[in-house]
Structure formats: structure tokens, C-alpha cells
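Notes to accompany the following structure.
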Amino acid sequence: MEGLFVGFTAITWQNLLMMAIGGTLIYLAIKKEYEPALLLPIGFGTILVNIPFSSVLDQIEGGQQVAGALSYFFRVGILTEVFPLLIFVAIGAMIDFSPLFRRPLLLLFGAAAQFGIFFTMTAATLFGFDLREAASIGIIGSADGPTSIYVASRFARHLIGPISVAAYSYMALVPIIQPPVIRLLTSRRERLMRMDGSQKPISRTTLILFPILVTILTGMFAPTATALIGFLMFGNLVRECGVLKKLSLAAQNELASLVTLLLGITIASTMTADRFLQVSTLFIIGLGLCAFIFDTAGGVLFAKFINLFIKRKVNPMIGAAGISAFPMSARVIHKMGRQEDSSNFLLMHAVSANVSGQIGSVLAGGLILALVK
């Protein structure tokens, strides 16, 4: 449809509501600084795609389809899974696994804190979602935006919009979601627990072999997880090899910033009024919150459980850092520890659990891809 001012005559209240949602995301990004690198482009993209006959989406002109920029980015960046995988390279380049080697036990928390994924999958099926949709919704509990997008692009492309918004919004709200759950499940005595910190050096050989061996073992065990874990570990290898310092810094900064920007505004191409304003969207957002809560609870309760069998006790709050919201969750745990005792330093241990959560979320995503047909 051509002509000036045609948008004014074609706009609906649904379009206006979606523009208001986009404006809210922009407000949260700027005023509250909630995941600004993602929420701002998603918010602005939501406004773009809800302008009637917007040229950023595919349109029919003269009987022929004309490609829109965001629709094209969605096809080449999301459906091919390129954008999420490039984000994994950047994340891998940011992660230092050496604290995890100093206390390998904390690796278990990366698995325990994924409990919310499988609980939410089950709950989603009860609300009428099929198994593939339920798996895509459940992966929100990984607290890992790229993994959520990756799985949704395989199983439920029509749900990428609400799943992405829920995943990144709750990641930004970790400082609000986690503390009440942790306080509910722990006593003050438990929150005051100190943990010994080892500073023994980790050899360069170990740090180089780790990403290579993890990729091989994971690929052999679950081939569908190879891309997810492989790109994450490739980024880490670039960091640890010691001969690609410029590329490592570029991956951590320029690559991460550019792909995050494109990923955010591309996700918004799915947030048109006809797709987003559905009852299922509310269920997805609610189930995503449940996933985060049960992830946190699972990590804390697991820490309390293993304390029954080990001599060097673990502060149960560390278990909550096993989610993949890196490094936000680790900072939350450290801050809570300092609030109870200003001389208690939990950051190193929390970061170790948080790093294990990054690995755990990727493996959980690969496991779901392997098991759900």
C-alpha cells in the first residue's frame, strides 16, 4: 500500500500498545540500566516493526515481495543461529575458568541450578504448549539469552519474541529476584559462613587444554550441543592461548557489542502486535519467572545438601550463583554476603559457580536439543 500518511489510517490500538511496550523497554534500559545493550535495541525495534507497512519488514509491492532489513537479519542471523553463536564466542573470551579449577566441587552447582528448566518444561505442557514449545520456554531458566534464542530458533520460532524478552528481562532483574528466594531458604548463620580461598596458580597448559577437551567430550556425548559448547570454548581458547591477545580483546569488546546490538534489534522483528499480544505471551513471561525462582532455589538447596557430606562447608548462597547470569548473579551473592558480614569475601567462589552455570546452561540446551524430537 502506497501513499503519504497511510500509517495514520492503518494504525490500530494493538500497534500503539506494542509501541508503548517498546517505550517501556527503552525506559528500563536507560533509566534503570536493566540490560541496556539488549533492552534498548529490542525496545526501539519493537516500535519500528509496529509502524503500519514499515519498510523494516518484508512487504508486498507491485505484486512482488520486497525484503525488509530486520526480516533479512532475522533470516540470516537468527534462523541460521549465527548471531547467538557469535555471542558465545564473545562470552567465552570473557570467562576465566581458573577459579573453578581451584575448587572443582563448585562445578556441580552449574548443573543443580538448571533445575528450573525442567520444572518449567513440565509446567508449560500443563498449560497447553506442545513439547517443543515447552522446551523452548523452559530454557529461559538457563538464565542465558543466547541459549534461549538458539533453542527457540530450532523448536518454536514463533515464540522467539516473548522468550527473548522474558530471558533478558529476568537476567536484568536477578538482583531483585534472587535475594528474597535466598533469604527464604537460608538462615543468617548459613549466610555468615566463610569459605577459604585458594590462590594457587593454574598452569597455562591446563587452561588451554580445558576448552579443547570439553568440546570433544561434549560433542561425543551430545553432538547437537557441539555448536553451542564449541563456540563458547573457542572464545575461551582465544583468550587463554596467549598469542591472540588483540583478537581476544576484540571478541570481548567490539564483537560482543556489535552482535549484541544486531541481535537485540533483530529479535524485535518478531514482536509485531499480531504475534506478541496473545494469552500465551503472558504464560511465557510467568513461566520464565518461575524458572528463575526454581533455578535459584535448586542451587541453594543443593549446596545445603552437599554440606551434609563434606568437611569444607559451602556457603549455601553460592549455590544460587550456579545460574548462567554471568557475572550479575555472582555480584548479587557477594553483596548479600557483605551485607551480613562486611569482611566476608565470597566473590571468587560465586564467580566460580557462575562460570559453571555458563557451561551448565549450554549443556542443558544441548541436552534438550538431543532429547526433544
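In this chain, residues are counted from 1 in sequence order. Source: prediction; values computed, not measured.
Hydrophobic cluster membership for Phe294: Phe115, Phe119 (Ile, Leu, Val, Met, Phe, Trp, Tyr linked by side-chain heavy atoms under 4.5 Å, directly or transitively). Side-chain heavy-atom separations under 4.5 angstrom define the hydrophobic clusters, and the remaining members of the one that includes Ile212 are Ile208, Ile216, Met220, Leu237.
With sequence neighbours excluded, the residues satisfying side-chain contact (heavy atoms from CB on, under 4.5 Å) with Phe283 are Phe127, Phe129, Val279.
No side-chain donor-acceptor contact under 3.5 Å links Gln114 to the backbone of Gly360. A donor-acceptor pair is defined here as one N or O able to donate and one able to accept, closer than 3.5 Å; no such pair exists between the side chain of Asn236 and the backbone of Asp96. With hydrogens and angles disregarded, no donor-acceptor distance shorter than 3.5 Å links the side chain of Asn15 to the backbone of Ala273. Panel note: side chain Arg204, backbone Cys241; a donor-acceptor pair is recorded below 3.5 Å. Judged by distance alone, the side chain of Asp58 and the main-chain N or O of Gly68 form a donor-acceptor pair under 3.5 Å. Judged by distance alone, the side chain of Glu340 and the main-chain N or O of Met336 form no donor-acceptor pair under 3.5 Å. Between the side chain of Lys313 and the main chain of Ile310, a donor-acceptor pair closer than 3.5 Å is present. When atom types are taken as modelled, the side chain of Asn354 and the backbone of Ala350 share no donor-acceptor pair closer than 3.5 angstrom. Between the side chain of Ser248 and the backbone N or O of Lys245 there is no donor-acceptor pair closer than 3.5 Å. Using a distance-only test at 3.5 Å, with no hydrogens or angles considered, a donor-acceptor pair links the side chain of Gln59 to the main chain of Ser54.
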Exercise. I would like to know whether Ile51 and Met19 meet side-chain contact (heavy atoms from CB on, under 4.5 Å); could you show each step before the answer?
Key: CA-CA 8 Å; Ile51 296 173; Met19 289 182 184; 3.7 Å; yes
Quiz item: Passes side-chain contact (heavy atoms from CB on, under 4.5 Å), Glu190 versus Asn307? Steps please.
Solution: CA-CA 11 Å; Glu190 289 174 322; Asn307 277 343; over 6 Å; no
Practice problem: Begin from the C-alpha positions of Phe109 and Val314 and carry the test side-chain contact (heavy atoms from CB on, under 4.5 Å) through to its verdict. | Solution: CA-CA 11 Å; Phe109 294 126; Val314 175; 3.9 Å; yes
Quiz prompt | side-chain hydrogen bond (donor to acceptor under 3.5 Å, both in side chains) between Arg191 and Thr186, worked out | solution = CA-CA 7 Å; Arg191 295 195 294 273; Thr186 59; 3.2 Å; yes
Practice problem: Could you check Ile140 against Ile284 for side-chain contact (heavy atoms from CB on, under 4.5 Å), going step by step and ending with a plain yes or no? | Solution: CA-CA 9 Å; Ile140 295 173; Ile284 290 171; 4.0 Å; yes
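Among all heavy-atom pairs drawn from Leu100 and Ser356, the shortest one is CD1-CB, 4.1 Å. Of all the heavy atoms in Gly264 and Ile42, the pair that sits closest is O-CG1, 3.2 Å. When all heavy atoms of Phe276 and Gly161 are compared, the closest pair comes out as CE1-C, 4.2 Å. For Pro162 against Thr281, the heavy-atom pair with the smallest separation is CB-CG2, 3.9 Å. Shown here for Phe74 and Ile160, the closest heavy-atom pair between the two residues is CZ-CD1, 3.8 Å. The shortest non-hydrogen separation linking Phe53 to Ala10 is CE1-CB, 3.5 Å.
In terms of hydrophobic clustering, with Ile, Leu, Val, Met, Phe, Trp and Tyr side chains grouped at heavy-atom distances under 4.5 Å, Ile267 and Ile47 are assigned to a common cluster. Cluster membership check: Leu217 does not share its hydrophobic cluster with Val214, using side-chain heavy-atom separations under 4.5 Å among Ile, Leu, Val, Met, Phe, Trp and Tyr. The hydrophobic cluster containing Met18 also contains Trp13, counting ILVMFWY residues as joined when their side-chain heavy atoms lie under 4.5 angstrom apart, directly or transitively. No chain of hydrophobic side-chain contacts below 4.5 Å, direct or via other Ile, Leu, Val, Met, Phe, Trp or Tyr residues, connects Leu213 to Leu228. Ile306 and Leu308 fall within a single hydrophobic cluster, where Ile, Leu, Val, Met, Phe, Trp and Tyr side chains are chained together by heavy-atom contacts under 4.5 Å.
Residues Ser343 and Arg194 are in side-chain contact: their nearest non-hydrogen atoms beyond the backbone lie under 4.5 Å apart. No side-chain heavy atom of Leu131 sits less than 4.5 Å from a side-chain heavy atom of Phe155. By the 4.5 Å heavy-atom criterion applied to side chains, His349 and Asn315 are not counted as neighbours. In this structure the side chain of Ile359 reaches within 4.5 angstrom of the side chain of Phe97, judged on heavy atoms. In this structure the side chain of Met195 never reaches within 4.5 angstrom of the side chain of Arg312, judged on heavy atoms. Side-chain contact check for Met233 versus Thr218: every heavy-atom pair is 4.5 Å or farther apart. Residues Arg275 and Met271 form no side-chain contact, since every pair of their non-hydrogen atoms from C-beta on lies 4.5 Å or further apart. Side chains of Thr296 and Leu185 form no contact here, defined as non-hydrogen atoms less than 4.5 Å apart.
Here the straight-line distance linking atom CZ of Phe44 with atom OG1 of Thr46 works out to 10.5 Å at 0.5 Å rounding. Atoms OG1 and CZ, on Thr215 and Phe210 in that order, are 9.0 Å from each other to the nearest 0.5 Å. Residue His334 holds its NE2 atom at 9.0 Å from CG of Asn344, rounded to the nearest 0.5 Å. Between the CG atom of Leu277 and the CG atom of Leu282 there is a distance of 9.0 Å, given to the nearest 0.5 Å. Separation of atoms CD1 (Ile137) and CZ (Arg132) is listed at 13.0 Å; rounding is to 0.5 Å. Between the OG atom of Ser329 and the CD atom of Gln358 there is a distance of 12.0 Å, given to the nearest 0.5 Å.
A side-chain contact (heavy atoms from CB on, under 4.5 Å) with Val49 holds for exactly one of Ile265, Thr270, Leu70; it is Leu70.
Taking the six-membered ring for Trp and thresholds of 30 and 60 degrees, Phe305 and Phe309 have ring planes more than 60 degrees apart, a perpendicular arrangement.
Few gaps surround CZ on Phe118; more than 12 heavy atoms of other groups in view lie less than 6.0 Å from it.
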